[in-house]
Amino acid sequence: MCIIAALFLLIPVEASSQSEGLKCLVLDAGHGGRDSGCMSKDKKYREKDIVLSVVLKLGKIIEEEHPDVKVVYTRKKDVFIPLAERADIANRNKADLFISVHVNANPSTVPRGSETFTMGTHVSDRNFEVSKRENAVIKMEEDYSTKYEGFNPDSPESYIIFSLLQNAYSEQSIKFAKFIQDEYAKGPVKHGRGVKQAGFLVLWRTTMPSVLTEIGFLTNQEDLKVLITDEGQSKIARRLADAFTKYKEDYESRNTLDNSPSETEEIEPEPKAKEPDTFYAIQIMAVNKKLSSNSPDLKGRGDALYIYQDGRYKYYLGRYNTREEASKELSKVRKSFKGAFVIVVRDGVIFSK
Ligand SMILES: [Zn+2]
């Protein structure tokens with residue numbers, strides 16, 4: 001219903017504020033509470049229990065081996081957490097990385113193996129089926145239609161919002177997903193189904209590299225044997241921990257390079273006004289909740305757009321090629337919005353005042 005509104009939304013991206021180290025990791029055990037996730041054919045084993053066990057083991061390894069990393073869990077027990085809240089936890093903690101752990105299922109007992117997803121548009125029906133199943137959880141949430149802007153997990157049309165995503169973190173997310181799949185190949189679930197893209201609501205609003213990993217199929221006998229044992233779960237946690245270590249090392253070596261001053265380093269030119277993805281605008285407010293276009297707060301300026309950044313909805317007016325043009329308008333705008341100021345928007349990110 002409100003999908004149109006989503007068309008105008010500049011997607012949750014945040015200016016990269018990477019400091020030297022990878023400091024915070026958010027671990028998300030899928031499902032929980034009244035949401036069991038998928039189940040084994042005999043209904044004896046539930047996704048929510050298996051992923052919680054794996055996540056707790058994984059967190060423990062990382063806490064021991066990387067005392068410099070703060071590990072945040074979206075849940076540590078059997079409770080229901082809305083999908084949007086999981087992403088919010090990661091955003092609030094300014095996490096550097098987000099891992100959502102799940103178990104796969106299929107009406108057929110044949111499919112088996114692991115696969116890791118990053119946010120994107122599904123290219124196959126099979127990927128769509130996985131995201132549809134994992135997104136269906138929102139139907140258990142109150143007021144899900146408003147919260148997810150009219151998103152219907154079963155309607156392929158709804159997934160158009162994901163194709164509009166300008167995700168600043170795709171590259172890093174895919175890199176991490178590859179590390180995970182490489183590690184999984186060492187077993188115990190050796191069969192790898194690869195790195196894929198699909199529209200997962202839990203990854204939609206995270207503002208850091210994020211993956212959703214399906215560690216195996218509860219509906220496949222071979223995978224099931226591994227997934228339900230303590231030993232199998234420990235080994236999977238070890239693979240994920242090793243993938244994390246690889247990613248952390250890679251991340252930190254990159255950041256060290258980025259930060260080291262170099263005489264030959266070229267200074268990046270100021271954004272040129274002519275570049276199509278850079279423009280000037282007037283920010284009128286930053287609020288915690290999205291406003292409707294007829295909200296009194298917008299004082300009749302239904303044409304205001306917003307960028308979700310640093311956990312807030314930053315509303316702005318206009319689109320100007322130069323700072324001068326924006327500044328000319330500023331005094332008019334300030335009659336209604338006293339605190340308004342000029343911003344530069346580059347690739348959907350607000351860069352400066
Ligand atoms: Zn799941």
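Atoms within each ligand, like the ligands themselves, are counted from 1 in listed order.
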### Message
For N/O/S atoms only: which one belongs to H102 and is nearest the Zn ion (ligand 1)?
### Response
ND1
### Message
Assess the residue pair R205 and E149 against the criterion (salt bridge (charged side-chain N to carboxylate O under 4.0 Å, His left out)); give the C-alpha distance rounded to whole Å, side-chain angles, the decisive distance to 0.1 Å, and a yes or no.
### Response
CA-CA 13 Å; R205 293 247 157 119; E149 303 179 21; 2.7 Å; yes
### Task
Measure from the Zn ion (ligand 1) to each N, O or S atom of C38 and report whether any distance is below 2.8 Å.
no
### Message
Please determine whether E214 has a backbone or side-chain N, O or S atom lying under 2.8 Å from the Zn ion (ligand 1).
### Response
no
### Query
If you count the non-hydrogen atoms of other residues, nucleotides and ligands that lie under 6.0 Å from NZ in K178, is the total more than 12?
no
### Task
Please name the atom of E134, restricted to N, O or S, that is closest to the Zn ion (ligand 1).
OE1
### Message
Less than 6.0 angstrom from the centroid, inside 45 degrees of the normal: does K290 satisfy that with respect to the ring of Y306?
### Response
no
### Message
Counting only heavy atoms not in K299 (residues, nucleotides, ligands), do more than 12 fall under 6.0 Å from its NZ?
### Response
yes
### Query
Closest to the Zn ion (ligand 1), which N/O/S atom of E47 is it?
OE2
### Query
Ion pair present between K225 and E231, side-chain N to carboxylate O less than 4.0 angstrom?
no
